[in-house]
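When a residue number appears, it is its place in the shown sequence, counting from 1.
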Amino acid sequence: MSAETPSGPDTRPHLVVCGSDALVWTLADELANSRHRIRLTVITPREIRPDVPDLRVLTERGVELRHADRLDEPAFRDAGLAGASALALVMPDDMVNLQAAFCAHEIEEKLRVVVRMFNTGLAGSVSRIFPDHVVLSDAEMAAPAFVAAALGEVAPTHFRRGDRTLYVAHRADVPARNVMLSLATEAEGEVTVLPAEPAPEAARPDDLVLAQAIGGSAEGDVTRRLLARAGRRRRPLAAFGRALRAALNRKLGVAVLITMITTVLAGAVLNAWDETDHSLWESIYVTLMTAVGASDVEEKRNSIAQAAQLVLTIAGLALLPLITAAVVDGMVNARLALSQGRLAGELRDHIVLVGLGNVGTQVLRQLHDLGVRVVAIDRHSDARGVKSAQRRGIPVIVGDASREETLRAASIATCRALIVVSTNDPVNLQAALHARAIREDLRVVLRLFDDDFAQRFGTAFDINASRSVSRLCAPAFAAALLERNVHASIPVDRHVLPVGTVTVQAGSELDGVLLSEIDHPTQARVVGMSSAGQGWIDWRPDPRRVLTAGDGVLVVARQRALRALVERSKP
């Protein structure tokens, strides 16, 4: 049913958003800023995370705020879900969202549903309830940006449109003929997003560009670059040495080493003073057999050979138990390190990951897939990613990352980068500051909720990258709710640039204008266009072309610029 207004029934599309963490605020803020004529209702529990801004501020922009501790049928009826156009379920728990979808179906069957899920394998369950649905994982969307920032690469973004695969790369990594347009350029520390195309002699190798994959795989190119940054080629002997140092108890190792040296020296003396002429193999054979006590007493040997044989036999008796003890001790140490969250020995050239929630778990999986050594830290032993780490043999330190001793236990002084993605901003800040105090040149990638504060903090403390997960992902959720024709979202510096198609409608502001009027550097850039009634895309359209009803223009733009273009495309 439609809400009543002073002038009559409210006929605007009704959107309902349900959540309890930072994403619900960011998504509601994104929708409230939209120029679409919509009616927005937000449902949250009465008690939500303290780091979420006061949602009552949104009521000043016409947002209706409701509280419900359970997303059940009464809660949805009270929020006016019957007759609504779309529902966003962005609670941080997959099962809560799935149960809420079942309840929503009882109220309104014909509903567009956007569901946030960590385990996207449950998408099939949603499809049985609502044919018109979208399942999105904020963790999957955000994780590549953190991984790429830690490895010093661009986020692996690619998408398919028409007959082309488009992907993000540095200008130097792709042939000039494959470059579609510039996404960002940096000069004197200032990043310009969506700049005008530079002259060939002024193009910078580090410029971020949108390229087309011709005769190759964009995903493969991106993966190869990340693998190169990750340094997947390992030195087997060095890896074996690290494993041996980690497994052996220092005192036990010294005892084994001394015993082995004694055995070798005694064997050399025995063979040197033995009157029998042995080959090299026979010498080794006699030495080892004597070491394990398998030789008989040789009364005819001279006294020096007999003494060496005696020492060798005694050393052999000590060597076997020591080797057995070393193996058992190594296995016990490895198990204790895994179960108690401590490292057996110091690591080098690894990445320290703080936070094993949804985003942290995805980051951990991607780093492991790239062959990067990881040490994880979380204050809770039952965090979502702990079991995932244990299955992969990744050490987990259970402790407070805001404490310096916890970071030192993770060998922070010898790691290659620190990624801090816990959901606690104060912990993230303290971890970053303590890490920089230990090692000034450490690469730090930081997650913070407030994107503006993250930028200021990063500038003040020279943090390599700071990101807001909700800001990275909210545009995709908003686009899915509004059924906006968005095909991908590209993270560039601190911005998220949606790639979408603007379809010109008859009688709209764009009907009859030149294509060049859509292309505005720093705001919106034209990638290609398709004529009315045609399925193919012209990837190099003439800017002097006059737009007519039914034309579709593929653009990459800032969020507000895309919203403005969508509004101009409607009568």
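Shown here is R66, whose CZ atom has more than 12 heavy atoms of other residues, nucleotides or ligands within 6.0 Å. Shown here is R392, whose CZ atom has more than 12 heavy atoms of other residues, nucleotides or ligands within 6.0 Å.
A 4.5 Å side-chain heavy-atom check between V115 and H133 finds every atom pair outside the cut-off. In this structure the side chain of F118 never reaches within 4.5 angstrom of the side chain of P92, judged on heavy atoms. Within the 4.5 Å cutoff, the side chain of L55 has no heavy atoms near those of the V57 side chain. In this structure, the side chains of C473 and R116 stay at 4.5 Å or more apart for every pair of heavy atoms. Looking at heavy atoms from C-beta onward, L562 lies out of side-chain contact with R558 at the 4.5 angstrom threshold. Under the 4.5 Å side-chain criterion, counting only non-hydrogen atoms from C-beta, I43 is in contact with L71. Using a 4.5 Å heavy-atom cutoff, the side chains of L23 and W25 are not in contact. Side-chain contact between V421 and V354 is absent, with no heavy-atom pair separated by less than 4.5 Å.
Here the shortest heavy-atom pairing between V444 and A432 reads CG1-CB, 4.0 Å. V427 approaches A401 most closely through the heavy-atom pair CG1-CB, 4.5 Å. Closest approach of I377 to T406, counting heavy atoms only: CG2-CG2, 3.8 Å. Contact detail for L418 and A431: the closest heavy-atom pair is CD2-O, 4.0 Å. Of all heavy-atom pairs between A557 and P498, the closest is O-CD, 2.9 Å. Of all non-hydrogen atoms in R112 and A480, the two that sit nearest each other are NE-O, 2.6 Å.
Of the charged side-chain nitrogens involved, at least one lies within less than 4.0 Å of a carboxylate oxygen, so that R39 and E64 count as a salt-bridged pair. Between R61 and D29 there is a salt bridge, since a side-chain N of the basic residue sits under 4.0 Å from a carboxylate O of the acidic one. Between E108 and R77 there is no salt bridge, since no side-chain N of the basic residue sits under 4.0 Å from a carboxylate O of the acidic one.
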Full working for side chain to side chain contact (heavy atoms under 4.5 Å, CB included) between E509 and E567: CA-CA 9 Å; E509 186 180 335; E567 288 298 317; over 6 Å; no

Working for side chain to side chain contact (heavy atoms under 4.5 Å, CB included), residues V502 and V555: CA-CA 8 Å; V502 178; V555 298; 4.2 Å; yes

Trace of the side chain to side chain contact (heavy atoms under 4.5 Å, CB included) decision for H380 with V386: CA-CA 9 Å; H380 302 294; V386 171; over 6 Å; no

Chi angles and distances behind the side chain to side chain contact (heavy atoms under 4.5 Å, CB included) call for D511, Q505: CA-CA 7 Å; D511 189 4; Q505 298 183 22; over 6 Å; no

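For the residue pair T41 and H14, a side-chain donor N or O sits within less than 3.5 Å of a side-chain acceptor on the partner. Between the side chains of S422 and N428, at least one donor-acceptor pair of N or O atoms lies under 3.5 Å. No donor-acceptor contact under 3.5 angstrom links the side chains of R365 and T361, judged on distance only.
In this structure, OG on S20 lies 14.0 Å from CZ on R46, to the nearest 0.5 angstrom. One finds the CD atom of E106 at 11.5 Å from the CG atom of L81 (value rounded to the nearest 0.5 Å). Between the CG atom of D425 and the CG atom of L448 there is a distance of 5.0 Å, given to the nearest 0.5 Å. Of the inter-residue distances, the one linking L87 atom CG with C18 atom SG reads 5.0 Å to the nearest 0.5 angstrom. Within the model, atoms OG of S531 and CH2 of W536 stand 6.0 Å from one another, a figure rounded to the nearest 0.5 Å. For the atom pair CD1 (I48) and CG (D21), the distance works out to 9.0 Å, reported to the nearest 0.5 Å.
Of the possible donor and acceptor atoms, one in the side chain of H434 sits under 3.5 Å from a partner among the backbone N and O of S402. Although no hydrogens or angles enter the test, the distance criterion places a donor-acceptor pair under 3.5 Å between the side chain of R443 and the main chain of A149. Judged by distance alone, with hydrogens and angles left aside, the side-chain atoms of D551 form a donor-acceptor pair with the main-chain N or O of A532 at under 3.5 Å. Between the side chain of S388 and the main chain of G385, no donor-acceptor pair closer than 3.5 Å is present. A donor-acceptor distance shorter than 3.5 angstrom exists from the side chain of D94 to the backbone of N119, with no hydrogens or angles considered. With R447 contributing its side chain and T423 its backbone, the two residues share no donor-acceptor pair below 3.5 Å. In terms of modelled atom types and a separation under 3.5 Å, the side chain of R373 and the main chain of H350 share no donor-acceptor contact. Judged purely by atom type and a 3.5 angstrom limit, N97 uses its side chain to pair as donor or acceptor with the backbone of M91. Judged by distance alone, the side chain of D519 and the main-chain N or O of V526 form a donor-acceptor pair under 3.5 Å.
With sequence neighbours excluded, the residues forming a side-chain contact (heavy atoms from CB on, under 4.5 Å) with L181 are L183, E197, L210, R525, V527, V556, listed by chain and number.
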